[in-house]
Protein chains: 2
Amino acid sequence: MTLRTLRNANAPTLKDLARIAGVSPITASRALHRPELVAEATRLRVAQAVEQSGYVPNSLAGGLTSRQTRLVAAIVPSVGHSLFSDMLDALIHTLAAQRYETTLGISSYDPEHEETWLAAMLSRRPDGIVLTGTEHTARTRRLLVNADVPVVELWDYQPHPLDMVVGFSQEDAGRAAFRHLAACGYRRPAILRADDSRAARRALGFTRAAAEAGAPVPAQIVFSEAIPQSGRGRDALNALRAQAPEADAVFCSSDALAQGVLSHAHALGLRMPEEFGVLGFGDQALALDAWPALSTVRVDGAAIGRLGAEALIARMAGGVAAAAQDVGFEVVGRGSTRGHQAAR
Amino acid sequence: MTLRTLRNANAPTLKDLARIAGVSPITASRALHRPELVAEATRLRVAQAVEQSGYVPNSLAGGLTSRQTRLVAAIVPSVGHSLFSDMLDALIHTLAAQRYETTLGISSYDPEHEETWLAAMLSRRPDGIVLTGTEHTARTRRLLVNADVPVVELWDYQPHPLDMVVGFSQEDAGRAAFRHLAACGYRRPAILRADDSRAARRALGFTRAAAEAGAPVPAQIVFSEAIPQSGRGRDALNALRAQAPEADAVFCSSDALAQGVLSHAHALGLRMPEEFGVLGFGDQALALDAWPALSTVRVDGAAIGRLGAEALIARMAGGVAAAAQDVGFEVVGRGSTRGHQAAR
DNA sequence: CTGTTAGCGCTTTCAC
DNA sequence: GTGAAAGCGCTAACAG
């Protein structure tokens with residue numbers, strides 16, 4: 001099983017490099033990492049020696065001594081969901097620009113997976129940790145506290161983070177969704193959503209806003225998948241019309257689902273938006289061009305990734321960063337509402 | 001800038017753990033990693049010591065000695081494209097199941113980025129490397145050869161890989177696309193595609209198949225974005241009808257684009273599939289349920305990721321694996337054609 | 001089943 | 001501007 005040969009056991013080391021350049025190992029190291037401390041001529045001789053020998057530094061050894069790895073460990077629930085992939089893309093790019101590399105875990109929406117992943121990651125001594133969401137196991141929290149490493153929780157805003165947080169309030173987004181539909185004149189909006197805790201919290205906000213407005217309790221259809229695709233639109237709409245025939249609008253837990261519903265509603269001959277309203281959730285910036293009848297609660301995943309990375313970078317460099325950033329959201333299409341935005 | 005304090009400088013080490021458990025460090029190490037070599041009672045005492053001290057192993061030190069990191073460095077062009085994210089997801093999961101972790105780079109379709117990323121990654125001494133595509137700079141190739149590390153190139157099949165390859169032939173996919181449209185009775189199919197080298201190779205196959213069939217040279221509209229979204233469908237179709245009014249079918253370089261085109265074609269009142277045919281490319285398994293008029297060249301990104309990971313795992317464990325695996329593709333919708341599949 | 005010795009490749013610290 | 005000594009935390013190799 002683990003019979004690997006000692007591959008490339010005689011790769012050139014810093015010592016070899018130093019010998020070739022005719023300097024001591026430490027001078028070679030400085031020529032590579034802190035060239036301003038070294039004479040130009042020396043630097044050139046070392047650079048030439050690198051070329052000649054094909055030297056590749058060993059950052060395991062470097063990290064062991066310096067206690068810095070320039071590694072950030074990040075975990076997301078899924079890479080297939082465009083919301084998270086935009087966030088991830090921005091995160092990785094922003095970190096890479098400061099020469100931090102990212103190792104990626106996928107939790108599949110399971111805090112136990114996250115815990116297992118974290119335990120494994122911590123042994124690599126990352127300089128920073130990125131988690132998605134704010135639900136973690138007790139051991140996850142304990143490991144993080146003991147490790148004493150900068151942590152940023154992305155996506156869900158909450159006022160009391162583990163360390164730092166960048167995101168928006170799911171409940172507020174749900175409230176805004178209801179108010180948008182109500183303002184558009186719909187009287188019996190329903191909810192069509194995935195079985196995931198964040199969508200559930202949005203549904204809660206939606207339901208509360210309905211109660212506050214004195215509207216009837218919205219019907220709620222829950223799909224068992226975490227990420228229903230657009231192809232599920234037909235089933236979804238059929239289920240809705242069977243279980244809540246009175247509904248005159250629907251808040252879908254993703255843009256893809258909303259597009260699928262809309263497309264099937266067209267096929268059924270429903271007049272939209274007059275007769276039936278469809279509201280999505282996500283960041284597909286272009287969806288509205290293609291389907292003018294659609295509205296959506298738009299979240300800027302890229303901004304969350306970028307701001308999260310920036311906060312982490314500040315802390316990793318020994319600085320301070322805002323502990324909590326609420327980036328808000330926006331309801332777009334046929335009358336827009338902007339979510340709140342604040343930082344503390 | 002780099003004034004970080006030596007964070008957590010007194011975290012417990014293996015030595016501490018050993019002292020607490022009343023054994024030597026090497027025995028503690030074995031109790032952790034090779035429990036079968038250690039007496040049950042000893043193992044328990046060490047486990048207890050871990051609990052008591054909050055010990056977290058340091059795999060930098062471990063890797064330095066053992067020359068094994070259980071780290072795989074992978075790079076993809078983009079995480080936002082569903083094809084790559086499916087592949088990535090399968091890759092990461094398959095590796096994680098064997099206790100390999102993945103660090104992720106994003107090339108943005110640029111071989112120079114890939115080179116820079118690789119140079120940085122190699123210093124972490126990964127056990128394996130995953131690249132997307134087969135276009136690499138000369139230095140990338142040289143670094144890889146010198147590093148003497150298992151490499152798998154995903155996505156594009158080619159018979160002579162750097163080390164191992166798992167993918168399909170873009171040109172064959174393009175050929176199959178043409179033949180499918182021709183078999184459906186379309187006489188003047190056109191191409192609507194992104195400006196990326198793989199889409200270009202599919203277009204080449206498409207054009208060659210047309211030539212072989214004695215059909216006129218297909219019109220080709222190239223978008224400047226690498227990943228046109230469905231919202232671009234309207235512009236795309238308008239451009240097509242302006243520049244190639246004779247076209248009676250179109251091969252789109254992504255499913256999202258195809259959906260957008262289809263949706264707008266509906267709006268224009270085109271009768272489909274009789275009057276106008278739309279063929280996509282991708283893996284959105286559900287697209288066809290929602291849009292029965294659509295066909296697509298379907299690629300199984302998840303299979304590529306899984307098979308690639310399996311090949312790499314075999315090599316990392318010191319075994320052998322097929323050097324080249326062509327996983328093929330499938331044309332689905334209104335008469336299906338299956339792409340080839342082979343392994344060597 | 002357990003321990004001793006040595007050293008992985010690098011950077012810190014202190015000296016010149 | 002450069003170097004010598006020491007050690008980061010762990011595991012391979014060998015011995016018992």
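Convention: sequence-line order gives letters A, B, ...; per-chain numbering from 1.
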Specify the separation, in whole Å, of atom CG of Leu37(A) and atom C1' of dG1(D). 9 Å
Confirm from the modelled atom types if Arg30(B) and dG3(C) form a donor-acceptor pair under 3.5 Å, side chain to base only. yes
Hey, is the main chain of Val23(B) close enough, under 3.5 Å, to the side chain of Thr27(B) for a donor-acceptor pair? no
Closest listed nucleotide, where the reference is the side chain of Arg67(A) and the choices are dG9(C), dT11(C), dC8(D): dC8(D)
Min side-chain heavy-atom separation Ile75(A)-Leu104(A) under 4.5 Å: no
Using only heavy-atom distances, decide whether a donor-acceptor pair under 3.5 angstrom links the side-chain of Arg125(A) to the base of dG9(D). no
When you measure from the side chain of His33(B), which nucleotide among dT11(D), dG3(D), dT2(C) comes out closest? dT11(D)
Within this structure, what is the CG-to-P distance between Leu17(A) and dG3(D), rounded to whole angstrom? 13 Å
Heavy-atom distance under 4.5 Å between the side chains of Ile304(B) and Asp300(B), does that happen here? no
Toward the 5' end of DNA chain C, by each residue's nearest nucleotide, Ala61(B) or Ser24(B): Ser24(B)
Ser66(A) vs dT11(C): side-chain N/O to OP1/OP2 distance below 4.0 Å: no
If the threshold is 4.0 Å, N to carboxylate O, is there a salt bridge linking Asp156(B) and Arg198(B)? yes
With His136(A), which of Glu114(A), Arg142(A), Glu115(A) fulfils side chain to side chain donor-acceptor pair (under 3.5 Å)? Glu114(A)
Quick one: label Thr42(B) by what it contacts on the DNA or RNA (base, sugar-phosphate, nothing), any heavy atom closer than 4.0 Å. sugar-phosphate
Separation of Arg43(A) atom CZ from dG1(D) atom C1', in whole Å? 15 Å
Nucleotide dG9(D), atom P - distance to CZ of Arg124(A) in whole Å: 18 Å
dT11(C), dC1(C), dC10(D): which one has an atom nearest the side-chain heavy atoms of Ala39(B)? dC1(C)
Using a cut-off of 4.0 Å on non-hydrogen atoms, how would the nucleic acid contact of Leu60(B) be classed: base, sugar-phosphate, or nothing? nothing
Among dC10(C), dT11(D), dT12(C), the nucleotide that comes nearest once only the side chain of Ile26(A) is considered: dT12(C)
CG of Asn58(B) versus P of dC8(C): gap in Å, rounded? 18 Å
Whole angstrom value for the distance that separates P of dC8(C) from CG of Leu14(B): 19 Å
Interatomic distance, Leu44(B) CG vs dC1(C) P [rounded to whole Å]: 14 Å
Let's test your reading of the model: under 3.5 Å, does the base of dG9(D) pair with the side chain of Thr65(B) as donor and acceptor? yes
For atom CZ of Arg34(A) and atom P of dC10(C), their distance in whole Å: 17 Å
Confirm from the modelled atom types if Thr27(A) and dG1(D) form a donor-acceptor pair under 3.5 Å, side chain to base only. no
